Q: 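Let me begin by handing over the structure; questions about it come next.
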Protein chains: 2
Amino acid sequence: MTIKLKSKTATADEIALQLTEAIHTHRLNPGAKLREDEICDIFQVSRTIVRQSLHSLQHKGLVTILRNKGAFVAKPTLKEAREVFEARSLIEPAMARAAALRATPEDVAFLEDHMKAEKDALDREEVGEALRLSGDFHVQIARIADHNLIEALLAQLVARSALIIALYWRRRNALSDSSSHLGLVNALRDRDADGAEEIMKGHLLDLLMQLDLRDSPTGPVSLKDALKK
Amino acid sequence: MTIKLKSKTATADEIALQLTEAIHTHRLNPGAKLREDEICDIFQVSRTIVRQSLHSLQHKGLVTILRNKGAFVAKPTLKEAREVFEARSLIEPAMARAAALRATPEDVAFLEDHMKAEKDALDREEVGEALRLSGDFHVQIARIADHNLIEALLAQLVARSALIIALYWRRRNALSDSSSHLGLVNALRDRDADGAEEIMKGHLLDLLMQLDLRDSPTGPVSLKDALKK
DNA sequence: TAGGCATACATTGTATACGATTTAAAACTT
DNA sequence: AAGTTTTAAATCGTATACAATGTATGCCTA
C-alpha cells in the first residue's frame with residue numbers, strides 16, 4: 001500500500017505517525033530497513049526531517065538505529081516481548097478501573113463505535129487495520145481514565161505489541177477476542193470498577209497466551225540473516 | 001600517566017546525560033531556558049548534536065520545546081506530577097516484589113553501598129547529589145528485578161520526580177526517609193516479596209505526602225508570571 | 001510621554017554540502 | 001574457481017549556511 005501525502009511539506013511528527021501506522025498495521029514488518037533517502041523521496045522533505053522522525057521512533061522503541069548502518073523496524077526479543085506484556089499487565093487493569101469510575105455516556109458510545117469500526121474492518125478483511133483499532137481501544141481506555149502520561153506510555157506499548165504480534169503470533173486464523181472488549185464496555189457503562197479491572201487482567205492474559213513466547217530464539221529469521229556471519 | 005589531550009568531542013548522549021544530572025541535582029531548575037548556542041559553546045560541538053540531545057530529553061519528558069522559541073527544562077503541572085507518582089505506584093511495588101525474589105548477595109551489597117553513598121552525600125551537605133542517589137536507588141531495584149523496559153521507564157519517571165520535587169516540595173528541611181530504603185534492602189536480603197512490595201507501596205505514599213499537590217494552581221508562581229497573559 | 005510601527009538583532013528551523021563508514025562490486029592472486 | 005584485496009558506490013553522521021520566526025530597540029506620531 002502506498003503512503004501518499006499532500007504536496008506541501010510534511011512535518012517530522014506526521015512522518016513518524018505514518019510510519020507508526022504502517023508498523024501497526026503490519027505493512028512494515030520487524031527488521032525492515034528504513035533508508036533515509038527513500039523516505040525523503042516519499043515525503044519530499046530533507047533528510048534533517050526524516051532523521052528527526054526516525055530518532056523519535058527510536059525513543060519510542062519502534063525503530064532500532066545502528067550507527068553508520070541505518071534505521072530498522074525494531075525486532076523485539078523474546079525477553080522484550082515478555083516485558084512489554086508484563087508492563088501492560090501492571091498498568092492496564094488500573095486504567096480499566098479508573099475508566100469505569102469516570103466513563104461518561106459519550107465515552108461508552110465512543111467505544112461502541114470504536115468496536116464497530118473494528119468489526120467492519122474485519123468484515124472487509126483489512127486485518128492490519130483491525131489490529132490497529134484493537135490496540136487503539138486500549139489506549140482509549142487510558143484516555144477515558146484521564147491519565148495522559150499512561151495514555152502516551154500505553155500508546156508506545158501497544159505499538160510495540162503490534163511488532164510482537166507480527167513476530168510471535170501463534171496461529172494466523174483467530175485474531176482478536178472481541179468479547180473482552182465488549183465486556184469491558186459493559187463494565188464501564190455499569191460503573192463496575194472491579195469487573196472492568198478483572199476483565200482487563202484476563203484479557204491481557206488471553207493475549208499473552210495466544211503468543212508463542214517460549215524460548216525459541218528469535219522466531220522467523222531469514223536464512224540469509226542466519227548465515228550472514 | 002598520560003592525559004588524553006585530544007579534545008574528544010562529546011556525543012549527543014553524553015550531553016543529554018549531563019543535562020539530566022544537572023536537572024536531577026537541581027542545578028538546573030524547571031523553566032530554565034536551554035539556548036542551543038550556549039550549550040554548543042560549553043561542549044564544543046555543533047548545533048546538530050545539541051539539538052539531538054535536546055530532542056532526546058524532550059522525548060523523556062525532561063525538556064519542553066516550543067517551536068521557534070526554544071528548549072526549556074520541563075515544568076510539570078500539578079496533574080502531571082500526580083500522574084508521575086500514580087504511575088510509579090502502579091509499577092514499583094511489583095518491581096520490589098520481583099527484586100526480592102531475584103536479589104543476589106551481590107545485589108544486596110550493592111544497595112548497601114548505594115545507601116552509604118547517599119548518606120555520605122548528605123553528610124557533605126550535597127543535597128542535590130543525595131537526591132539523585134535516592135532516586136537512582138529506585139531504578140536499581142528495577143535493574144535487580146531484571147526488567148529492562150521498566151528500568152528505562154522508571155529512570156524517566158524518577159528524573160521527572162526530581163522536577164516535581166523542585167516545584168512542589170513542602171518543607172526544605174526533612175529530605176528523604178532513608179528508613180524505607182533500609183527496610184527494602186532487608187526485605188530483599190530475606191527474600192520477603194510481600195514485605196518488599198508493601199514497603200515500596202508505603203514509601204511512595206510517603207513521598208507523595210511530602211509533596212504539596214493540592215489544587216493550588218501551579219505552586220510557586222511569581223506575580224509577574226501570573227499576569228503575563 | 002505613551003503607544004504603535006518599523007527596523008535591526010537574536011534564536012531557532014531546514015536544507016545542503018562534505019567527510020566517514022559501510023556495503024557491494026570488480027579485479028587480482030593462488 | 002575460490003578466496004582475497006582493491007576499488008567504487010551507497011548510505012549515514014556532522015557541520016555549516018541560509019531561511020523563517022521571534023524578540024528587542026529606537027523612531028515617529030498623536
Side-chain angles (χ1 to χ4, degrees), chain A residues 3 5-19 28 30-75 221-229, chain B residues 4 6-19 28 30-75 222 224-225 227-229:
Chain A
I3 303 172
L5 198 81
K6 36 188 166 180
S7 54
K8 290 302 177 184
T9 61
T11 72
D13 283 341
E14 287 166 353
I15 296 174
L17 187 65
Q18 294 223 22
L19 288 175
L28 272 175
K33 167 133 203 192
L34 304 170
R35 241 176 322 118
E36 296 178 357
D37 287 336
E38 196 176 335
I39 303 176
C40 289
D41 289 342
I42 294 172
F43 292 96
Q44 292 295 325
V45 292
S46 76
R47 281 178 55 217
T48 307
I49 307 298
V50 170
R51 284 171 69 75
Q52 279 181 25
S53 59
L54 289 177
H55 278 115
S56 165
L57 291 173
Q58 183 184 36
H59 285 298
K60 292 178 183 166
L62 287 184
V63 158
T64 303
I65 295 178
L66 282 66
R67 186 180 174 85
N68 287 322
K69 291 197 145 193
F72 305 80
V73 176
K75 248 175 146 167
V221 200
S222 77
L223 182 61
K224 194 173 155 197
D225 277 356
L227 301 179
K228 201 138 209 176
K229 51 184 173 184
Chain B
K4 273 186 282 187
K6 176 191 155 200
S7 62
K8 145 194 100 167
T9 56
T11 73
D13 283 340
E14 286 166 355
I15 296 174
L17 188 65
Q18 292 221 28
L19 289 174
L28 271 175
K33 167 132 201 191
L34 304 170
R35 238 175 325 119
E36 295 179 357
D37 287 337
E38 198 175 333
I39 303 176
C40 288
D41 290 341
I42 294 173
F43 292 96
Q44 292 296 320
V45 292
S46 76
R47 281 180 54 218
T48 308
I49 307 296
V50 170
R51 291 185 120 255
Q52 280 181 25
S53 60
L54 290 177
H55 278 114
S56 165
L57 291 173
Q58 182 185 35
H59 285 298
K60 292 177 183 167
L62 288 183
V63 158
T64 304
I65 295 178
L66 283 65
R67 186 181 174 85
N68 288 323
K69 292 195 130 196
F72 304 82
V73 177
K75 246 177 151 166
S222 74
K224 197 172 151 198
D225 274 358
L227 301 178
K228 201 140 206 175
K229 48 179 178 182

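Keep in mind that what you see is a predicted model, and the values were worked out from it rather than measured. Only this structure's heavy atoms are used, side chains among them; waters, hydrogens and symmetry mates stay out. Chain A is the first sequence line, chain B the second, and so forth, proteins listed ahead of strands; every chain is numbered from 1.
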Q: Please enumerate all residues that pass side-chain hydrogen bond (donor to acceptor under 3.5 Å, both in side chains) together with B:Q18, with sequence neighbours excluded.
A: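 Applying side-chain hydrogen bond (donor to acceptor under 3.5 Å, both in side chains) to B:Q18 gives none.
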Q: With a non-hydrogen cut-off below 4.0 angstrom, is B:Q52 in contact with a base, only sugar-phosphate, or nothing?
A: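 Here B:Q52 touches the backbone only, sparing every base.
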Q: Side-chain donor-acceptor pairs under 3.5 Å in residues 39-46 of chain B, sequence neighbours left out?
A:
unit_1 : atom_1 : unit_2 : atom_2 : d
B:Q44  : NE2    : B:D41  : O      : 3.0
B:S46  : OG     : B:T48  : N      : 3.4

Q: What pairs of nitrogen or oxygen atoms, one from the protein and one from nucleotides 16-23 of chain C, lie under 3.5 Å apart?
A:
unit_1 : atom_1 : unit_2 : atom_2 : d
C:dT23 : OP1    : A:K69  : NZ     : 3.1

Q: Going by side chain to side chain contact (heavy atoms under 4.5 Å, CB included), name the residues that satisfy it together with A:A71, two or more places apart in sequence or in a different chain.
A: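 Scan of A:A71 (side chain to side chain contact (heavy atoms under 4.5 Å, CB included), adjacent residues dropped) gives A:L34, A:L54, A:V63, A:I65.
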Q: Which pairs pass side chain to side chain donor-acceptor pair (under 3.5 Å) with one or both residues in residues 49-60 of chain A, sequence neighbours excluded?
A: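 Of all non-adjacent pairs touching residues 49-60 of chain A, those that pass side chain to side chain donor-acceptor pair (under 3.5 Å) are A:E36-A:R51.
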Q: Minimum heavy-atom separation for A:G61 to A:A74, with atom names?
A: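 Distance-wise, the nearest heavy atoms are O-CB, 3.6 Å.
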Q: Going by heavy atoms closer than 4.0 Å, what residues in residues 54-63 of chain A are next to DNA chain C?
A: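 Heavy-atom cutoff 4.0 Å gives no residues at all.
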Q: Can you see which heavy atom on A:P30 is nearest to which on A:K75, and at what distance?
A: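 Heavy atoms only, the tightest pair is CB-CG, 3.7 Å.
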Q: Rounded to the nearest Å, what distance is computed from the CG atom of residue B:L34 to the P atom of nucleotide C:dT11?
A: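 Answer to the nearest Å: 14 Å.
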Q: A:E14 has an atom CD; how far is it from atom C1' of C:dT14, in whole Å?
A: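 It works out to 15 Å between those atoms.
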Q: Go through DNA chain D in 5' to 3' direction and return only the first and the last nucleotide with some atom under 4.0 Å of chain B's heavy atoms.
A: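 Listed 5' to 3', the contact boundaries are D:dT14 to D:dT23.
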Q: Taking atom CG of B:L17 and atom CG of B:D13, what is their separation to the nearest 0.5 Å?
A: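 Atom-to-atom, B:L17:CG and B:D13:CG are 8.5 Å apart.
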Q: Grab the two heavy atoms, one from B:A10 and one from B:I49, that are nearest each other, plus how far apart they are.
A: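 B:A10 and B:I49 have their closest heavy atoms at O-CG2, 4.2 Å.
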